[in-house]
Peer 1: 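Take a look at the following structure, please.
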Amino acid sequence: MHSNIDRRKFLKMTSMGAVAMTLPLTGCVQTGFFEKIFKLAPKRPNILFIMSDDHAAKAISSYGSILADYARTPNIDRLAQEGNRLENCFCTNSICTPSRAAILTGQYSHINGVNTLQDDFDRDRSNVAKLLQSSGYQTAMIGKWHLHTEPSGFDYYNVLPGQGLYHDPLLKEKGKPWKKRNAGGEVYPGYVTDVITDEALKWLENRDTEQPFFMMCHHKAPHGRWEYAKRHEHLFDGITIPEPASLFEDKSHRSIATQNYGSTLSSKNPIRNRVARMTDPKKVWPTGMLETEGLTQDEITRAAYQKYLKDYLRCCIAVDENVGRMLDYLDENNLSENTIVIYTSDQGMMLGEHDLIDKRWMFEESLQMPFLIRYPKEIEGGSRNQDISLNIDFAPTFLDYAGVPVPTEVQGKSIRSNLQGKTPDDWRQSMYYRYWMHRAHHDIPGHYGIRTKQHKLIFYHGLPLDANGAKQETSPVGWELYDMIKDPHELQNVYKDPTYQAVIPKLKAELLKLKQQYADTDEKYPELMAVRKSHWD
Ligand code: CA
C-alpha cells in the first residue's frame, strides 16, 4: 500500500478517491494513512454460499411448481424476492461429488479429474476457496464435503465424513488428523441440518470482522434416505401430494437406450426399485416401511411416490428453516447489505417424473439446479434471469465479486452482469452435459448431450469407458431429442419426427463444437469413436 502504483489502484478502488486526490501522493504521507483510509473504503462483499444436496428447484415454492403449496420454503423464497432467481441454471454432470468439484474449480469433470463419485478431488489443485483466501478472504467450509480428500483453501472446516448421518452426525474438524472418505469425526448431537447451521453460525460469530468472509455451508439434506427431523413427523398427515404428469409415462416414444434403464418407483424393475428397498425388512427403511399388501401395481407406485415425496419434503422444510436462521443472523448483525447470499443444490432430483428417482439423467428435473442470489448493492429484488448458466460459472462469479482475476484454466464465466439484467452479447446459447458413471448404483447409462433454450439432444453411448465405478457392461446406444418449449416435461422423444430432421444436424455440429471448446473430444476412447461412427448420423 506504499508504492505509487498501489496508491493509484487503491484510489481507483475506493469511493474516497475524490477526497484522497486532494492530498499529496508522494513524500509526506505518513505510514498508516492508507491503511486507515482503507478501513473507511467500501468493503469487499462477504459471500455466503448455502448448498443443499439433491434439492430440486421444483421443491422450492418460489419456483412455482405443482409442489409449491406443499414444499413451502419461505426463507429460501426470500432470496428470490430480495434478489435474482435463475431459471436456466444447469449442472454439467448431475451427481454429487463431480458437481462439487465443478463448483470449486469452475471446470468440467474431465478437466478437474472428478468424473464420478469414486474419484478423489486433488487437494493440490487450484480452487475458488484458495483464490479467495490468498486475496484476503477468511474462508470456511461447514457441512457436507463429499470430495474424499481433506478440504484445502479453507481457514476453517468442519465436515461430514462421506455422506454423513442425519441424526447425531459426526463432523471432522480442521486441526485434527484427517481421515479419508467415511472415516473419522466426532459426534455432534442433534439433527444434521440444525447442527451444520449451528456450526456455521458459530464460525461467523467468531470470525475476524475486519476481513470479508467466504463461507460454504453445505447441507446433507435432502439426500436419501430422507430422514426428517422429529418436529416434522406429522407435517403431511392426511395430505396427498400431487403427482407429476409423467409418473405413469408410456416409454414407447423413448430410444432403446433408456426404455429399460434407471431406478424406478414402480415395481417393474424389482432389484433396483425404491419400493423393494422400502419394503425389504433387511434394509430397515429409516422412516418406516411402505405397506403394500393388497395394493395393485399402480397403487404401489402411487404409495411409493407419496412416501418418497413426504419424507423428501420434510427434509427440505428443515433446510429452509435453517436458511432462515442464517438470514436472520445477517440481519441482526447488519451484514445483509454487504453479503452476497446464494442458495443452490449440487444438482436437481427426479421426484417421480418419468417414474424415476435419483439424479444423473440429463432430464430437466435432475439437470436444473435451483439458484437464488441476493446482493442488495447490485441485484434488484424480484429479478429473474433466463440465460443458460452452469455450475462451472459459480467460481468465476465469486472471484468477479471479490475483485480477484479469474485464472485462464477456469471454463465457466462470471454471471455478475447477467444478474444485473445485462447479458453479455456473446453469452452462451447452448450447454454441454456429460454423465460418466455408466450404470453404477442406479443403472443409468453413460451419456452426453446439448441443451439450448428450445432443444435437448442426448446421446446415450452406453459405454463404461475408463470411468471409476462404472459397470463394466454396455447398454444399447440411442439418441433422444426433446422440444423444451412444446414439451417441457419431455414426454415425446422427437428424434425421428420429420419436423425436426433439419435441426438435428445443427445440434450435433454444435455439440461437437462444445466438446472441442471444453477439450472433451472422444479420440482417447476408440470404443466410443467406433460407436459414434456407427450411430452418429
Ligand atoms: Ca447430490
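First listed ligand is number 1; within each ligand, the first listed atom is number 1. In this chain, residues are counted from 1 in sequence order. The analysis underlying the following values was restricted to heavy atoms, covering all of them including side chains, and did not include hydrogens, waters or symmetry mates.
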Peer 1: Quick one: do Asp487 and Lys456 make a salt bridge, cutoff under 4.0 Å?
Peer 2: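 Salt bridge: no.
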Peer 1: Can you give each donor-acceptor pair under 3.5 Å made by side-chain atoms of residues 182-190, sequence neighbours left out, with the distance rounded to 0.1 Å?
Peer 2:
{"residue": "Glu186", "atom": "OE1", "partner": "Lys176", "partner atom": "NZ", "Å": "3.4"}
{"residue": "Glu186", "atom": "OE2", "partner": "Lys176", "partner atom": "NZ", "Å": "3.3"}
{"residue": "Tyr188", "atom": "OH", "partner": "Asn158", "partner atom": "ND2", "Å": "3.1"}

Peer 1: Would Arg439 pass as a cation-pi partner of Tyr261, given that its NZ or CZ must be under 6.0 Å from the six-membered ring centre and within 45 degrees of the axis?
Peer 2: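 The answer is no, since Arg439 fails at least one limit relative to Tyr261.
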Peer 1: Would you call Glu233 and Arg314 a salt bridge, taking side-chain N to carboxylate O under 4.0 Å as the test?
Peer 2: no
Peer 1: Please lay out, stage by stage, how Leu48 and Met326 fare under the test side chain to side chain contact (heavy atoms under 4.5 Å, CB included).
Peer 2: CA-CA 9 Å; Leu48 172 57; Met326 299 293 278; 3.8 Å; yes
Peer 1: Validate the cation-pi geometry between Lys515 and Tyr432: distance from NZ or CZ to the six-membered ring centre under 6.0 Å, angle to the ring axis within 45°.
Peer 2: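 No; the conditions do not both hold, so Lys515 does not lie above the ring face of Tyr432.
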Peer 1: Protein N/O/S atoms under 3.0 Å of the Ca ion (ligand 1)?
Peer 2: Asp53 OD1, Asp54 OD1, Cys96 SG, Asp346 OD1, Asp346 OD2, Gln347 OE1
